Amino acid sequence: MTLDGDALWEALYPAAWKLARSADSIHERIGAAFAAIQGLSGEDFPPEQRLRFNDIVTRMTVAGAVRGTDGGLAKGAVDNTLASMPDDEATEIAEEIFELFVAVAEIHFRD
């Protein structure tokens with residue numbers, strides 16, 4: 001079920017803030033921004049933004065999780081993906097997260 005513009009804006013605002021206000025590396029910033037929106041799903045977004053959100057999730061988890069020798073989780077999918085992600089791709093994902101925030105802000109302030 002699609003969330004209303006207010007709820008989406010409130011969920012995405014911390015992600016945009018983490019991208020803009022941190023002196024951390026681009027990888028740390030997108031990791032923090034993604035953590036802020038990880039509780040959302042594609043169905044929370046209107047169709048226009050759903051594909052963008054789903055693409056961000058795919059790109060942030062593409063490397064998959066790493067299991068330890070004991071079978072437990074050694075490194076999560078996001079951390080593993082970030083560990084091998086080139087800077088230019090990290091920058092693209094940061095832009096995608098911010099553009100998603102802007103699109104949702106337009107809905108939020110239009111309503």
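This one's a predicted model, so the numbers in the text were calculated from it and none came from an experiment.
Within the 3.5 Å criterion, the main-chain N or O of Ser25 finds a donor-acceptor partner in the side chain of Glu28.
The structure places CG of Leu3 at 6.5 Å from CG of Leu40, a figure rounded to the nearest 0.5 Å. Atom CG of Leu51 and atom CG of Asn54 lie 6.5 Å apart (nearest 0.5 Å). Atoms CG and OG1, on Asp44 and Thr2 in that order, are 7.5 Å from each other to the nearest 0.5 Å. A distance of 8.5 Å separates CD1 of Ile93 from NE2 of His27, quoted to the nearest 0.5 Å. One finds the CD atom of Glu96 at 12.0 Å from the OG1 atom of Thr91 (value rounded to the nearest 0.5 Å). Remark: Phe101 CZ to Glu106 CD distance equals 10.5 Å, nearest 0.5 Å.
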Original post:
Between Trp9 and Ile107, is a side chain to side chain contact (heavy atoms under 4.5 Å, CB included) present by the stated rule, with each step listed?
Top reply: CA-CA 8 Å; Trp9 185 84; Ile107 296 168; over 6 Å; no
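Using a 4.0 Å cut-off between a side-chain N of Lys or Arg and a carboxylate O of Asp or Glu, Arg59 and Glu92 qualify as a salt bridge. Electrostatic pairing of Arg50 and Glu43 does not count as a salt bridge here, judged by no charged N lying under 4.0 Å from a carboxylate O.
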Using atom types as modelled, flag every donor-acceptor pair under 3.5 Å from a side chain in residues 70-83 to any protein atom, sequence neighbours excluded.
from, atom 1, to, atom 2, distance (Å)
Asp70, OD1, Gly72, N, 2.9
Asn80, ND2, Ala63, O, 3.4
Asn80, ND2, Gly64, O, 2.8
Thr81, OG1, Met60, O, 3.4
Thr81, OG1, Val62, N, 3.3
Thr81, OG1, Ala63, N, 3.0
Thr81, OG1, Ala77, O, 2.7

Name each donor-acceptor pair under 3.5 Å that joins a side chain in residues 29-38 to protein atoms two or more places apart or in another chain, with its distance.
from, atom 1, to, atom 2, distance (Å)
Arg29, NE, Asp24, O, 3.4
Arg29, NH1, Leu19, O, 3.1

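When all heavy atoms are compared, the tightest approach of Gln49 to Ala103 is NE2-CB, 3.6 Å. In terms of heavy atoms, Ser41 sits closest to Phe53 at C-CE2, 3.5 Å.
In the hydrophobic clustering of this structure, Leu8 groups with Trp17; members are Ile, Leu, Val, Met, Phe, Trp, Tyr whose side-chain heavy atoms approach within less than 4.5 Å, directly or through other members.
Counting heavy atoms from C-beta on, the side chains of Leu12 and Phe98 never come closer than 4.5 Å.
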